[in-house]
Number of protein chains: 2
Amino acid sequence: MSLPHAILTALLEKPSSGLELTRRFDRSIGYFWSATHQQIYRELGKLEQAGHIRALPAAQPTRGQKKEYEVLPAGREELTAWVTKAEDPKPVRDPLLLRLRAAGVVGSEGLEAELVRHLALHRRQLAEYTAIEARDFPPERTTTEQDRLRHLVLRGGIELETFWTKWLTDALAAFHVNP
Amino acid sequence: MSLPHAILTALLEKPSSGLELTRRFDRSIGYFWSATHQQIYRELGKLEQAGHIRALPAAQPTRGQKKEYEVLPAGREELTAWVTKAEDPKPVRDPLLLRLRAAGVVGSEGLEAELVRHLALHRRQLAEYTAIEARDFPPERTTTEQDRLRHLVLRGGIELETFWTKWLTDALAAFHVNP
DNA sequence: CATGCCATGTAAGCTGTTACATGATTCG
DNA sequence: CGAATCATGTAACAGCTTACATGGCATG
């Protein structure tokens with residue numbers, strides 16, 4: 001039940017149309033909650049139905065026309081409640097770890113190339129995050145609470161990618177012990 | 001498309017009934033791929049249909065009777081192919097990071113308790129993993145390839161939980177800067 | 001007016017979750 | 001035999017993915 005809250009957050013930061021939201025879910029918001037345009041349009045419909053958001057009056061109801069949404073008070077209350085609600089972390093579900101376990105049973109022939117590929121992808125993501133950090137959060141600058149929270153979230157992304165690059169490097173080293 | 005492969009891996013390690021699989025998905029396998037008994041029974045049916053596994057002949061087809069499954073050659077081939085198939089890492093989708101971002105917009109009142117709760121949960125999980133490591137992988141003992149791969153997977157779990165405990169600790173510290 | 005792009009949507013299928021149903025076995 | 005437990009399912013629904021459909025607008 002997180003997608004509606006991701007959308008509410010995005011719309012509170014800046015009222016947008018469906019396509020603009022989609023673009024933002026490919027960048028900042030998408031770094032910790034991804035979504036496709038189909039998901040977004042469907043969810044916008046539900047949120048409007050529920051009275052949590054509304055289309056700005058300027059927009060005509062015809063297809064192919066841009067439609068901007070903004071959050072209503074009920075939507076803000078819903079989001080505020082969700083932020084502090086007790087919700088346990090989901091158990092891990094990672095295909096790559098599973099594949100290593102499977103390799104223990106059927107053999108790891110050819111798996112190394114896939115590890116190398118993943119390592120490159122995670123390194124690239126890590127570089128992107130650190131560039132954002134250098135640009136948006138220079139030392140001795142964070143002041144508002146929103147800044148501190150955004151920086152924390154970015155740090156989460158950075159440390160997660162750091163974990164993956166380190167773990168994959170270790171894994172590849174282990175492969176070369178007995179190649 | 002990972003659940004069928006998780007089941008194939010589990011059945012290759014040891015032929016089992018649906019309920020036995022469910023129990024194993026609450027322990028070792030479940031540490032990186034969780035599944036409920038409903039998912040497992042449904043998937044067992046599909047795998048049998050596809051000719052990847054079969055029920056051992058001893059079992060009668062009546063309801064409430066134990067039914068053991070084993071992997072057929074086609075199932076092993078399917079799993080072998082999957083292990084080396086190129087499959088990109090999924091974009092991150094983490095509700096807690098999202099909640100922090102939302103807190104930047106609607107305020108972080110009451111969020112601290114939730115962070116404390118999550119920290120405790122991750123600490124417990126980390127303790128469980130390190131206990132397993134101490135028991136199953138004592139120093140200077142890993143020899144077979146299967147051992148090395150299993151240890152790598154466990155290290156993944158340990159380092160992931162280490163990341164979360166560290167990140168949550170940092171987050172709580174940041175909250176106390178301006179409480 | 002044809003092409004490409006902007007923008008919003010529909011439909012089908014798969015995965016995962018939640019709640020409930022049914023039969024077999026064991027033990028007091 | 002009544003209750004608890006083992007074991008296998010069914011049903012309904014929510015969320016996500018993939019492919020496709022439709023209309024508006026700008027530009028050569």
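Computed from a predicted structure; not experimentally measured.
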Rounded distance in Å - [atom1] ([X]) to [atom2] ([N]):
| X | N | atom1 | atom2 | value |
| --- | --- | --- | --- | --- |
| L19(B) | dG23(C) | CG | C1' | 14 Å |
| Y41(A) | dT8(C) | OH | P | 4 Å |
| H37(B) | dG9(D) | NE2 | P | 10 Å |
| E20(B) | dT8(D) | CD | C1' | 13 Å |
| K46(B) | dG9(D) | NZ | C1' | 15 Å |
| Q39(A) | dT8(C) | CD | C1' | 16 Å |
| F25(A) | dC16(D) | CZ | P | 11 Å |
| K66(B) | dT22(C) | NZ | C1' | 19 Å |

- For S34(A) and G18(B), take the nucleotide of DNA chain D holding the closest heavy atom to each; which residue's nucleotide lies nearer the 5' end? G18(B)
- Message: Between the side chains of E20(B) and K14(B), is the shortest nitrogen-to-carboxylate-oxygen separation below 4.0 Å, so that they form an ion pair?
- Response: no
- Does a salt bridge link R117(B) with E114(B), judged by any charged N lying under 4.0 Å from a carboxylate O? yes
- Message: Which nucleotide wins on minimum distance to the side chain of T36(A), given the candidates dT18(D), dT15(C), dC16(D)?
- Response: dT18(D)
- Message: From C-beta outward on W33(B), which listed nucleotide comes closest to its side chain: dT17(D), dG15(D), dG16(C)?
- Response: dG16(C)
- Describe, in one word, how the ring planes of H151(A) and F137(A) are oriented to each other, choosing from parallel (under 30°), tilted (30 to 60°) and perpendicular (over 60°). parallel
- Measure up the H118(A) and H122(A) rings against each other and bin them: parallel (under 30°), tilted (30 to 60°), perpendicular (over 60°). tilted
- Side-chain donor/acceptor of R76(A) to backbone N/O of V106(B), under 3.5 Å: no
- Task: Answer yes or no: is there a donor N or O on one side and an acceptor on the other, between the side chain of R101(A) and the main chain of T9(B), under 3.5 Å?
- Result: no
- Message: Regarding K90(A), tell me which of base, sugar-phosphate or nothing describes its non-hydrogen contacts under 4.0 Å with the strands shown.
- Response: nothing
Short heteroatom pairs, N/O only, protein and nucleotides 11-13 of chain C, under 3.5 Å:
none

- Between CZ of F175(B) and CG of D170(B), what distance do you get to the nearest 0.5 Å? 12.5 Å
